[in-house]
Peer 1: 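Below: one structure in structure tokens.
Reckoned from all heavy atoms, side chains included, excluding hydrogens, waters and symmetry mates.
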Amino acid sequence: MAKEAVMLLVLFMALAAFSEAGQMRHGSRALARGHRRAADPDAPTHLHFYFHDTVSGASPSAVRLAGPADPSSRTFFGMVNVMDDPLTEGPEPGSAAVGRAQGLYMATDQAQLGFLQAMNLVLTSGPYNGSSLAVLGRNCPLADVREMPVVGGTGAFRFARGYAQARTHWLDLKTGDATVEYHVYVMH
């Protein structure tokens, strides 16, 4: 009887060890799904926030690194800006902060205003605090809706893929300052 009890204990411990190893092997997927709000694990996560790009004033959130090749160009071809823009819940700059958009945008189209935008959406509050999404794509700021691909992420967004839709909420044509509404749909 003692031998059978010992054998059962050894078998139970082996099963527990195999189960633990399986959880460690799939840990990143479990972490990502653990933060998903949707009941369906295959449904995309939807994020909504506002991006505030301030290029004017004493404390801009985006600065020009290189000017356009031709200063009189309507497309700003050749201009490069680096940004660390606040992301907020609402369109007002004083609205609750949800993160930062850190990266750059450069004018790459000679025929119309079009940027190559490369940015990390670094989330600093809510259930995704400490996670980030990488967005890389074409952004034509005068179009009604722009779509850019989500190409990766960190934390809860490891292996992320999806898209970001941007709509200009407010634009000051004189200064270039803008508030942009973002809807991000991501699988992770």
Peer 1: Taking only residues two or more places apart in sequence or in another chain, which ones pass ring-ring contact (aromatic ring centres under 6.0 Å, His included) with H183?
Peer 2: H46, H48
Peer 1: Verify the distance criterion only: is there a donor paired with an acceptor across the side chains of H52 and S61 at less than 3.5 Å?
Peer 2: no
Peer 1: State, to 0.1 Å, how close S131 and T154 come at their nearest heavy-atom pair, and which atoms those are.
Peer 2: CB-O, 3.4 Å
Peer 1: Once salt bridge (Lys or Arg N to Asp or Glu O under 4.0 Å) is applied, do any residues pair with D172, and if so which ones, sequence neighbours excluded?
Peer 2: none
Peer 1: Quick one: which residue pairs count as a salt bridge (Lys or Arg N to Asp or Glu O under 4.0 Å) with a foot in residues 73-99, not counting sequence neighbours?
Peer 2: D84-R100
Peer 1: Provide the closest heavy-atom pair for G90 versus S95 in the form atom of the first, atom of the second, distance.
Peer 2: N-OG, 2.7 Å
Peer 1: Please name all residues satisfying salt bridge (Lys or Arg N to Asp or Glu O under 4.0 Å) with R146, sequence neighbours left out, ordered by chain then number.
Peer 2: none
Peer 1: Of all residues at least two apart in sequence or in a different chain, which pass the salt bridge (Lys or Arg N to Asp or Glu O under 4.0 Å) check with D70?
Peer 2: none
Peer 1: Under the 3.5 angstrom rule, does the side chain of S132 hit a backbone N or O of V122 as a donor-acceptor pair?
Peer 2: no
Peer 1: Kindly compute the distance separating CZ (F115) from CG (D109), expressed to the nearest 0.5 Å.
Peer 2: 10.5 Å
Peer 1: Checking the side chain of T75 only, and the main-chain atoms of A111 only, is there a donor and an acceptor separated by less than 3.5 Å?
Peer 2: no
Peer 1: Taking salt bridge (Lys or Arg N to Asp or Glu O under 4.0 Å) as the definition, give me every residue that meets it alongside R167, ordered by chain and number, with sequence neighbours left out.
Peer 2: none
Peer 1: My understanding is that only one of L47, L136, L133 makes a side chain to side chain contact (heavy atoms under 4.5 Å, CB included) with V150; could you say which?
Peer 2: L133
Peer 1: For a 4.5 angstrom cut-off between non-hydrogen side-chain atoms, does N81 reach L65?
Peer 2: no
Peer 1: Donor-acceptor pair, S125 side chain versus A97 backbone, under 3.5 Å?
Peer 2: yes
Peer 1: Look only at the side chain of D177 and the backbone of S56, and say whether a donor-acceptor pair between them is shorter than 3.5 Å.
Peer 2: yes
Peer 1: Start with the C-alpha gap between F157 and Y128, add the side-chain angles, then the distance that decides, and say whether ring pair (Phe, Tyr, Trp, His ring centres under 6.0 Å) holds.
Peer 2: CA-CA 8 Å; F157 295 119; Y128 303 109; 4.8 Å; yes
Peer 1: Does the pair V184 and F49 meet the rule for a side-chain contact (heavy atoms from CB on, under 4.5 Å), with working shown?
Peer 2: CA-CA 9 Å; V184 180; F49 50 80; 3.9 Å; yes
Peer 1: Look up atom CE in M148 and atom CD in Q117, then write down how far apart they are to the nearest 0.5 Å.
Peer 2: 5.0 Å
Peer 1: Is there a side chain to side chain donor-acceptor pair (under 3.5 Å) between E147 and Y163? Walk through the geometry before answering.
Peer 2: CA-CA 7 Å; E147 188 170 295; Y163 65 97; 5.7 Å; no
